[in-house]
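Below, chains carry the letters A, B, ... as their sequence lines are ordered, and counting in each starts from 1. Only this structure's heavy atoms are used, side chains among them; waters, hydrogens and symmetry mates stay out.
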Amino acid sequence: MLDKFAIARLLRELGTLLELEGENPFKVRAYENGARAVEALADLSARVEAGSLTEVSGIGEALAKKIAELHRTGRLELLERLRAKHPPGILELLRVPDLGPKKIAALHAALGIGTIAELEAACRDGRVRAVKGFGEKTEEKILEGLGRMRARAAERRVLLADALATGEALLAHLREDPAALAVALAGSARRGKETVGDLDVVAASRDPGALSAQLVAYPLVARTIARGETKTTVELASGLQVDLRVVPPEDFPTSLHHLTGSKAHQVKLRGIARDSGFTLSEWGLHRLPPDPVGAQDAPPDPAAKVPIASEAELYAALGLQPVPPELREDTGELEAARAGELPLDLVRIEDVRGMVHCHTTWSDGRASVEEMARAAEALGMEYLTVTDHSPTASYAGGLDEDRIRRQWDEIARVQEKVKVRLLRGTESDILEDGALDFPDRILERLDVVVASVHSRMKMDEDAMTRRLVRCMSLPVFKIWGHALGRLLLDRPSFACRVEEVLDALAASRGAVEVNGDPRRLELEPRWLRAATARGIPVVLSVDAHSVQNLRYLENAVTVARRGWVRRGQVLNTRPAEAFRKAVRPVP
DNA sequence: GCCGTTTTCGGCCCGACTGTTTTCAGTCG
């Protein structure tokens, strides 16, 4: 049986194939909307059973039938027919920059092109320029796009932390130009997405040309891809693409909002604007004329412009609560904002009182217990958990029973010297059979047990699910560390039935970790929402192996906010003693 | 394909940039 994410993926594929068929673009969008709606469902199976899918906004009769069929059988006749009709390579072609469904269809009809290799050969032979609507430049552009695509496949996306660092340096360069009145990072980096494909920058200026020139002159710019009146696109030496939009200061808030996205959030918001008698674009919010007949294509009347001084004002003008950037993914935030049900107390970094999940030189950390303690104290923390690795993690210098007892002595000595409260803990391996690798007589004397999978990650879904469920049923199980073991850009999450595991975690009254290591950043937002919906509390952790790593707390906060996690749901926003009581292995 | 205090048809977000066009189509975000 397919889960909701698999079904959403197939609906998207179907939408793409219909797009290639030249179908009505609004129909294509309906499939995308339907896919999103399915992903957001908490009770897909129940709704399929009850036949109540059509009650969900975005799912009508036709999609409900298809979803039910996919859910029941895992197959869909229309999808299989379209897959058979289009060469398998054709979906690949859609990933070539500047090549969309229309051009692909034209190339397929005229030259029989159905794969990347055939496309490249046709461009090199000069056959493409002979097709109506294509020319020499397009041919060059496609070849260039193919090169870029390969470079991108090698570089792939970048980690959020790297994107933010690159972005901040670039912003500093742009701010050096006196023509820059305001400069901000927008796009997925501002929304805090785990990985970032390109940087979006918005600037306020009376002289857009000057800022465009300032961007092009940035030493790390490898080449200019597009340069217009208000919009400039460049590629950095790293392969990262940067889009700069320059607008007059009065349009900065709406432009920042526009460029922050996400696209799905924008589209829905503009629909809401239209329903309320406005039209919304990056150039601002305009009142629609009372009788729109014949006025659709007319540019907005400048007199109809609603002054907008901030993003919050924009939402307010549309009768909505302000939506924080991290939530703008069209996963229910606009519906909540309209109903006044958006959480106003999303966790913030200043709410956090304790550094959780810290390694020291006792295992594979680079700083001593005392150095970590003093650094946490300097950051204003009330407590820090020392959670070095356990015996099985020999590759990471895991502690055995004898060494962890000696570590407790050192923790006690350091505690004499520092104000920050030190909590004794471990990051214990979850073994293949779901057991932990310290005996209970050790675990019961600890304040904090983070339990994580570090080995045998290629087990099949059944075995991994059983392993985790079994571990969570242990009385000493308290915190699920870096849940699914992924390493961004490197290693996917291991296979398991996450919702089943979360059910077990809820039953055991355990907590889930949000790991701030920039390569981990899990549990990811969609599962975080599934966790808090089950009443599972959250721990924001740094997984720090050095003093510098304590800054990872910021990453954990971002991920938690993207998962709609509220202050009260985070255990380490509580004072030390309350935190200890909530997570200690014995009641 | 979805949706409805303009409801069963006719709408559906909006604009910038590029290239092949001589007024616009395609792509992108």
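Lys66(A) comes within 4.0 angstrom of sugar-phosphate atoms only, judged by non-hydrogen atoms across all strands, and of no base. In this structure, Glu229(A) reaches the sugar-phosphate backbone alone: every heavy-atom distance under 4.0 Å involves primed, P, OP1 or OP2 atoms, never a base. Here Asn33(A) lies out of heavy-atom contact (under 4.0 Å) with every strand. Counting non-hydrogen atoms under 4.0 angstrom, Leu269(A) reaches nothing in the nucleic acid. Within the nucleic acid shown, Lys141(A) comes within 4.0 Å of sugar-phosphate atoms alone, with no base atom in reach, counting heavy atoms only. Residue contacts shown for Pro25(A) are absent, as no nucleic acid heavy atom lies under 4.0 Å away. Val56(A) comes within contact range of the sugar-phosphate backbone alone, with a heavy-atom separation under 4.0 Å but no base atom that close. Nucleic acid contact for Arg29(A): base, since at least one base atom lies under 4.0 Å from a heavy atom of the residue. As judged by a 4.0 angstrom heavy-atom cut-off over every strand, Glu136(A) is placed among residues touching the sugar-phosphate backbone only. Here Thr233(A) lies out of heavy-atom contact (under 4.0 Å) with every strand. Nucleic acid contact class of Leu99(A) (heavy atoms, under 4.0 Å, all strands): sugar-phosphate only. Residue contacts shown for Leu259(A) are absent, as no nucleic acid heavy atom lies under 4.0 Å away.
The backbone N or O of Glu282(A) sits less than 3.5 Å from a side-chain atom of Thr254(A), completing a donor-acceptor pair.
Salt bridge status for Glu92(A) with Arg95(A): present, with a side-chain N to carboxylate O gap under 4.0 Å. With respect to the salt-bridge test (charged N to carboxylate O, under 4.0 angstrom), the residues Lys65(A) and Glu61(A) do not qualify. Using a 4.0 Å cut-off between charged side-chain N and carboxylate O, Asp243(A) and Lys231(A) make no salt bridge. Look at Glu139(A) and Lys137(A) and you find no salt bridge, because none of the NZ, NE, NH1 or NH2 atoms lies under 4.0 Å from a carboxylate O. Look at Glu194(A) and Arg486(A) and you find a salt bridge, because one of the NZ, NE, NH1 or NH2 atoms lies within 4.0 Å of a carboxylate O, short of that distance.
A close approach under 4.0 Å does not occur between any side-chain nitrogen or oxygen of Ser281(A) and OP1 or OP2 of dC13(B). For dG1(B), one of the phosphate oxygens OP1 or OP2 lies less than 4.0 angstrom from a side-chain nitrogen or oxygen of Lys27(A). A sub-4.0 Å separation between OP1 or OP2 of dC14(B) and a side-chain N or O of Arg274(A) is present.
Interface remark: the Lys263(A) side chain does form a donor-acceptor pair with the dG29(B) base, using a distance-only criterion of under 3.5 Å. Scanning atom types as modelled, no donor and acceptor separated by under 3.5 angstrom connect the side chain of Asp200(A) and the base of dG29(B).
The pairing partner recorded for dT8(B) is none, the criterion being a Watson-Crick or G-U wobble arrangement whose two distances lie under 3.5 angstrom.
A side-chain donor from one of Glu333(A) and His265(A) sits under 3.5 Å from a side-chain acceptor of the other.
Within a heavy-atom distance below 4.0 Å of DNA chain B, no residue of residues 328-340 of chain A is found.
Rounded to whole Å, the P atom of dT7(B) lies 13 Å from the corresponding atom of dG11(B). To the nearest whole angstrom, the two P atoms, one in dA16(B) and one in dT5(B), are 32 Å apart.
Considering only side-chain atoms of Lys103(A), the nucleotide from dG1(B), dT27(B), dG29(B) that sits closest is dT27(B).
Residues Trp527(A) and Phe5(A) bring their aromatic ring centres within 6.0 Å.
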